[in-house]
Structures are given as structure tokens and as C-alpha cells.
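Numbered from 1 within each chain, the chains take letters A, B, ... in sequence-line order.
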There are 2 protein chains.
Amino acid sequence: MRRVVHPSADQISLAGVLSALGDPIRLEIVTVLSDGQEHVQPDFVVPVGQSTLSHHMKTLRDAGVVFSRPEGTRCFVSLRAELEQKFPGLLDAVLRSTRPAAAQDARAGG
Amino acid sequence: MRRVVHPSADQISLAGVLSALGDPIRLEIVTVLSDGQEHVQPDFVVPVGQSTLSHHMKTLRDAGVVFSRPEGTRCFVSLRAELEQKFPGLLDAVLRSTRPAAAQDARAGG
DNA sequence: TCCTTTAATCGATAATCGTCGATGATAGGT
DNA sequence: ACCTATCATCGACGATTATCGATTAAAGGA
């Protein structure tokens, strides 16, 4: 697999992260990744071609949202741990927001 | 003051909100607005011209992040209440993230 | 050594975005 | 009726973005 580049932790900016998350397809990608497991590209069911998916993956990687680990012919992707350390609770809040507020009200209200 | 348009609450999308917040200048605007008060354009000290500031304001308005209330020759801007109802805790997490994680650690740990 | 698989990269295109200066709209003051 | 203040809109520009199909790189298997 080809070489992939990751920014250092201090290069991760809030605006960059939010901008990367501000896209339905990339939001779907991080939702899949929110199980904490590693995933490969076929795991993401998105209505774009392979090259476009790879491009979105690079966008998330460059923003510091995901980590890519090439192994053999595949590339395992997971959420980047530094993100939670740098912006505690941010990703959780985003992931909660992908579910309708009504469902959260029901859960909170009993 | 000219007419301004706001989207209805159900037109506010998570991707749209995150995309709107994914810009340093707009992040600065919402930080100023986070005191819960109404503000006018001169309150936002940003390194862009007036027309560009107005454009950013429209971006935030169209995304459902801010509410604009024209009065006389001025336009009072505030955070939109529906945002918290639709995406509870999201804006708080973003605003917390605008401060270094170290400061939050000190607050939580000390 | 070929063939297959997986995913990054390339080249192209259309669309969107951030920015500016200038202009227009509206309200208030003199 | 004029001038001023505030802010939205217009037109333009360069830069970035999302998308695609085709190609390339790297690894594994026959």
C-alpha cells in the first residue's frame, strides 16, 4: 500500500476538524468508525466512487480525525486518539447529533 | 435594514452547522456570541472587510447557527436557540474546544 | 512471472468559497 | 432635502473542493 501522511497532534486545528466533519459523506465515515474498531474502505457504504472515497479519507486524515494503517494490500482506518485528547467531548457531541434530538430526549426523559 | 432570511428549524442540518463552524473567522464570531447577548458587526474583531464579515454572517445564518434581528440601521445578532434544541451540547463542545485542552485539564483536575 | 486485490494518485471539470471594493437599501439626524 | 451610519448585495477574482475515470503502487497468490 502507498505511503500515507498524518499531521502531528499540534497541527490539528478545531476549524480544520469541523470543516472536515461538515460533509454528509465524511460524517457517515466517522459514524461507522465510532464503534472504535478499524475499518477498510468497503465498510463505508457511501454513494461515491472509490477514488472519491479515498479523497474523503485523505481529507479526514489531513484534518487529524482518522488514522490510517496500511497492511498488505489493505488500509485499516480508525478514529485518531489524539482528537479526544485535544478536543475532549467534541466528537461525542457530533456523533450524538447525528441521531435525532427526539431520540435523545426519550433516552434522557426516561 | 435589509430583509434577512432564516431557515426553518427542520432545515438545519448537522453537516451544514459543522461546515459553517469550520472556519476561524466564523468560530471567532460564535465565540463572541457565546455570552448569550446580542451583538452588532463592530463587536466582531476580525481581519476581514465589512462585506466579507457580512458574508460570514449570512453563512452562519443560512446554516441556522445565528439569528439576525434588524432594528433601525443596525442588525443585532445572537446564537439561535433552536440549535441547542436540535443538537444538544454540540455548540458547548465546540466552544470548549476553542480553549486549549490543557486549560480544561487544569479545571477538571484541579 | 503473471494476475488479482486494495487503495492512493493523476488529470480534468464543474461547483463552491473567501475575499475585496463598490453599490444599494433603510433608518435616523440636521 | 441632504448627510451619515449600518449592513446587505453585486460583480469579480483566485483558490479550494467534490467528483469522476484512468492509472499507478504495493502486496499476495497461482
Q: With rounding to the nearest 0.5 angstrom, report the CE to OG1 distance, A:Met57 to A:Thr59.
A: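 Between A:Met57 CE and A:Thr59 OG1, I get 10.0 Å after rounding to 0.5 Å.
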Q: For DNA chain D, which nucleotides open and close the run of contacts to chain A, 5' to 3', at under 4.0 angstrom from a non-hydrogen atom?
A: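 Nucleotide range in contact with chain A: D:dA18 to D:dA27.
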Q: How would you list, by chain and number, every residue that makes a side chain to side chain donor-acceptor pair (under 3.5 Å) with B:Asp92, sequence neighbours excluded?
A: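 Applying side chain to side chain donor-acceptor pair (under 3.5 Å) to B:Asp92 gives none.
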Q: How would you list, by chain and number, every residue that makes a side chain to side chain donor-acceptor pair (under 3.5 Å) with A:Glu71, sequence neighbours excluded?
A: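 Testing A:Glu71 for side chain to side chain donor-acceptor pair (under 3.5 Å), a comparison that skips the adjacent residues, returns A:Arg69.
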Q: Which heavy atom in B:Leu33 sits nearest to a heavy atom in B:Val77, and how many Å separate them?
A: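 Looking at all heavy atoms of both residues, the shortest contact is CD2-O, 3.4 Å.
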Q: So, using side chain to side chain donor-acceptor pair (under 3.5 Å) as the criterion, who are the partners of B:Glu82 when residues are at least two apart?
A: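 By the side chain to side chain donor-acceptor pair (under 3.5 Å) rule, B:Glu82 matches B:Arg80.
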Q: Do you know the tightest heavy-atom contact between B:Thr31 and B:Leu27?
A: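 Minimum heavy-atom separation between B:Thr31 and B:Leu27: OG1-O, 2.7 Å.
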Q: Pairs of donor and acceptor atoms involving the side chains of residues 17-24 of chain B, under 3.5 Å and at least two apart or interchain, shall be tabulated with distances.
A:
unit_1	atom_1	unit_2	atom_2	d
B:Asp23	OD1	B:Ile25	N	2.9
B:Asp23	OD1	B:Arg26	N	3.2

Q: Between A:Phe87 and A:Ser13, which heavy-atom pair has the shortest distance, and what is it?
A: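 Closest approach of A:Phe87 to A:Ser13, heavy atoms only: CZ-C, 3.9 Å.
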Q: In terms of hydrophobic clusters joined by side-chain contacts under 4.5 Å, are A:Leu95 and B:Ile12 together?
A: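 Same cluster: A:Leu95 reaches B:Ile12 through Ile, Leu, Val, Met, Phe, Trp or Tyr contacts under 4.5 Å.
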Q: Would you compute the distance between atom CG of B:Leu53 and atom NZ of B:Lys58 and round it to the nearest 0.5 angstrom?
A: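 Rounded to the nearest 0.5 Å, the CG-NZ separation comes out at 14.5 Å.
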Q: When the C1' atoms of the five terminal pairs at each end define the local axes, what inter-axis angle does the helix from C:dT1-D:dA30 to C:dT30-D:dA1 show, to 10 degrees?
A: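 Here the local axes at opposite ends form an angle of 10°.
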Q: Any residue in residues 48-61 of chain B with a heavy atom nearer than 4.0 angstrom to DNA chain D? Just list them by number, or reply none.
A: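 Residues of residues 48-61 of chain B that come under 4.0 Å of DNA chain D are, in numerical order, B:Gln50, B:Ser51, B:Ser54, B:Arg61.
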Q: Please list, chain by chain and in numerical order, all residues satisfying side-chain contact (heavy atoms from CB on, under 4.5 Å) with B:Ser78, sequence neighbours excluded.
A: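 B:Ser78 satisfies side-chain contact (heavy atoms from CB on, under 4.5 Å) with B:Glu38, B:Phe67 only.
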Q: Protein within reach of the bases, or only the backbone? For nucleotides 25-30 of chain C, mark each nucleotide 5' to 3' as B, S or -, using heavy atoms under 4.0 Å.
A: SSB---
Q: Could you give the side-chain donor-acceptor pairs of residues 40-51 of chain B under 3.5 Å, partners two or more places apart or in another chain?
A:
unit_1	atom_1	unit_2	atom_2	d
B:Asp43	OD2	B:His39	ND1	2.9
B:Asp43	OD2	B:Val40	N	3.1

Q: Measure across A:Leu79 and A:Ser34 and return the closest heavy-atom pair with its distance rounded to 0.1 Å.
A: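 Heavy-atom minimum between the residues: CD1-CA, 4.0 Å.
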Q: Among residues 10-42 of chain B, which residues get a heavy atom nearer than 4.0 Å to DNA chain D?
A: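 Contacting residues: B:Val40, B:Gln41, B:Pro42.
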Q: Nearest 0.5 angstrom please: B:Ser97 OG to A:Leu14 CG, how far?
A: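 With rounding to 0.5 Å, OG (B:Ser97) is 5.5 Å from CG (A:Leu14).
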Q: Pairs of donor and acceptor atoms involving the side chains of residues 2-9 of chain B, under 3.5 Å and at least two apart or interchain, shall be tabulated with distances.
A:
unit_1	atom_1	unit_2	atom_2	d
B:His6	NE2	B:Ser68	N	2.9
B:Ser8	OG	B:Asp10	OD1	3.1
B:Ser8	OG	B:Gln11	OE1	3.3

